[in-house]
> 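Following this message is one structure expressed as C-alpha cells.
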There are 2 protein chains.
Amino acid sequence: MTMRADLLNHAETLARTRGIDAFSYADLAAATGIRKASVHYHFATKADLTLALIEDYSTRIVETLDHMKDQSANAASALAGFLSLYRNALGDGDSLCLCVAFSASTDSLPATTLARVETFRHDVTDWLAGQFQRAREDGSIREVTDPRKEAAALFALVEGAQLVARAARNSDRFTDAVSQFSDRLIMGVTQ
Amino acid sequence: MTMRADLLNHAETLARTRGIDAFSYADLAAATGIRKASVHYHFATKADLTLALIEDYSTRIVETLDHMKDQSANAASALAGFLSLYRNALGDGDSLCLCVAFSASTDSLPATTLARVETFRHDVTDWLAGQFQRAREDGSIREVTDPRKEAAALFALVEGAQLVARAARNSDRFTDAVSQFSDRLIMGVTQ
DNA sequence: GTCTATATACCGATAGAC
DNA sequence: GTCTATCGGTATATAGAC
C-alpha cells in the first residue's frame with residue numbers, strides 16, 4: 001500500500017471516531033510512523049486532505065450501493081442492505097460514517113469539501129428514491145408514498161440515528177430508531 | 001441581565017451556529033465586552049460552561065414541551081408544535097439545536113456534560129412516547145405503532161433533518177425530511 | 001468583578017538539508 | 001520522500017494588581 005493510501009485510511013478512521021477537528025497532522029504522523037512535515041508532503045493542507053477523504057469515500061459507497069441494487073432480489077432487500085451499511089459504520093457505537101462526521105463539523109471544512117459532501121448526499125438520496133420507486137412496482141415495502149419524500153426521510157433518519165447512537169456510545173440506539181422502518185420491509189422470496 | 005446570563009446567551013448562540021470547538025473564550029469576551037480572564041471568573045473552565053449550557057437549555061425546553069402538552073387540543077397539534085420548535089431552531093439553516101450541536105462534538109465535551117445531554121434525550125423521547133400514546137386514544141395521528149418505537153424514530157428523524165439542513169445551509173431540507181411524518185398528523189378540531 | 005500580563009500547549013504550515 | 005527545526009497563530013487557563 002502506498003503511503004498516501006495509508007494516510008487516507010488512518011485519517012478516515014480518526015475523522016470518524018474522533019471528529020475532523022479532533023485529530024491533527026501530529027496524530028496522523030504518529031499513526032503512520034512518519035513525521036508531520038512528511039504528511040504535508042502528501043497533503044499540503046488539511047483542506048486537501050479532507051477533499052481527498054470525501055472523494056475516496058463517496059466513490060467507494062456509491063459503488064457499494066450500485067452493487068447492492070444489482071444483486072438484490074427486490075427493493076426491500078436493497079434497503080435492508082443500506083441499513084446494514086449504516087449500522088456497520090457505527091461499529092460498537094464509537095464511529096460515524098464519514099458523511100455524518102463531516103456534516104457535524106461544517107465550520108472547519110473548506111467550501112470545496114462541503115460541496116463534495118453535498119453531492120454525495122444527493123447521490124445517496126437519488127439512489128434511495130430509486131429503490132422506493134422500485135418498491136412501488138415490486139410491492140416489497142409497505143405503504144410507499146412519494147419516493148422522493150421517502151428518500152429524504154430515510155436519509156435524515158439514518159443520519160440522526162447514527163448521531164444519537166454514537167453520542168450515547170450504544171449502537172442499539174440506531175437499531176431502535178430504524179426498527180419501525182425495518183418493519184415496513186417485506187423480505188420474502190430470495191433472502 | 002447578569003453577566004453570567006449574558007455569557008450563557010452568547011455561548012449558546014456561538015455553540016449552535018459555529019459548534020462547540022469553533023468558539024473560544026476570546027470570542028465570548030468580544031461578544032460581551034469583557035476580557036478573557038473575566039470570562040474565566042464566571043466559568044472557570046470550558047467544562048463548567050458546557051455543563052451550565054445544557055442544564056439551562058434542558059430546563060427551558062422541557063418546560064416548553066410540558067406547556068405544549070397542556071395547551072394542545074390533541075396529540076397531533078402537540079407534535080406539530082414539537083416540529084415547529086426544531087424547525088425554528090434552524091433559523092435560516094445556519095443554526096442547530098443545542099442537543100444536536102453537542103451530539104456532534106462528543107469528543108471535546110467532558111463526561112458530566114455528555115451525561116446531562118443523554119438525560120435530556122431521554123426526557124424528550126419520553127415526552128414524545130407520551131404523545132404517541134395519547135394519539136392512540138384521541139386518533140389524531142394515522143397508524144401509530146409502538147409509542148416507544150415511534151418516539152425513537154421521530155427523535156432521530158428531527159436530529160438528522162437538522163444536521164442535513166444545517167450542513168446544506170438550507171432549512172427547506174428539514175421540512176422535506178419531516179413532510180412525510182407531518183402528513184400523518186390530523187390537525188382537525190381546534191387549531 | 002474586571003483588568004493586564006503571562007504560562008503552557010498545540011495547531012497548521014514552511015524552509016531547507018539529506 | 002522524509003527529515004529536523006522553526007514560525008506565527010490561537011487555545012485554555014492562571015497570577016496578581018486594582
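All of these numbers come straight from a predicted model, not from anything done at the bench.
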> Is there a donor in the side chain of D27(A) and an acceptor in the side chain of S24(A), or the other way round, less than 3.5 Å apart?
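Yes - a donor-acceptor pair under 3.5 Å links their side chains.
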> Grab the two heavy atoms, one from R136(B) and one from T145(B), that are nearest each other, plus how far apart they are.
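For R136(B) versus T145(B), the nearest heavy atoms are NH1-O, 3.4 Å.
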> Judged by each residue's nearest nucleotide on DNA chain D, which is more toward the 5′ side, A47(B) or H42(A)?
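The residue mapped nearer the 5' terminus is H42(A).
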> Under 4.0 angstrom, heavy atoms only, what part of the nucleic acid is F43(B) near: base, sugar-phosphate, or nothing?
nothing
> Between F102(B) and F120(B), is the ring-ring contact (aromatic ring centres under 6.0 Å, His included) condition met? List the steps.
CA-CA 11 Å; F102(B) 275 24; F120(B) 173 73; 10.0 Å; no
> Is the Lys NZ or Arg CZ of K46(B) less than 6.0 Å from the centre of F23(B)'s six-membered ring, within 45° of the axis?
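That pair qualifies as a cation-pi contact.
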> Roughly, in whole Å, what's the span from CG in D21(B) to P in dT10(D)?
17 Å
> Looking at dA15(D), dA13(C), dT2(D), which one has an atom nearest to any side-chain atom of S38(A)?
dT2(D)
> Could you tell me whether the phosphate oxygens of dC11(C), OP1 or OP2, come under 4.0 Å of any side-chain nitrogen or oxygen in S24(A)?
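Indeed, a polar side-chain atom of S24(A) lies that close.
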> Can a side-chain donor-acceptor contact be found between R121(A) and S103(A) if the only test is distance below 3.5 angstrom?
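R121(A) and S103(A) do have a side-chain donor-acceptor pair below 3.5 Å.
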> Nearest to the side chain of I34(B) - dC3(C), dA11(D), dG12(C)?
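Nucleotide nearest to I34(B)'s side chain: dC3(C).
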> Once you round it to whole Å, what is the distance between P of dA9(C) and NZ of K46(B)?
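Spelled out: NZ on K46(B) to P on dA9(C) is 20 Å.
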> dT2(C) C1' sits how many Å from D6(B) CG, rounded?
15 Å
> Between dA13(D), dA13(C), dT2(C), spot the one nearest the side chain of Y25(B), thanks.
dA13(D)
> What integer distance in Å separates R4(B):CZ from dT2(C):C1'?
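It is 18 Å, rounded to the nearest whole Å.
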> May I ask you to say what Y41(A) touches in the nucleic acid, namely base, sugar-phosphate or nothing, with a heavy-atom cut-off under 4.0 Å?
base
> Separation of K36(A) atom NZ from dC11(C) atom C1', in whole Å?
7 Å
> Starting from P on dT4(C), measure out to NE2 on H40(B) and report it in whole angstrom.
15 Å
> In whole Å, what is the span from the CG atom of L28(A) to the P atom of dA13(C)?
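Interatomic distance, CG of L28(A) to P of dA13(C): 12 Å.
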> Measuring from the side chain of D27(A) (C-beta onward, heavy atoms only), which nucleotide among dT12(D), dC11(C), dT14(D) has the closest atom?
dC11(C)
> Of the options dA13(C), dC3(D), dT4(C), whose atoms approach the side-chain atoms of R35(A) most closely?
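Per side-chain heavy atoms of R35(A), the pick is dC3(D).
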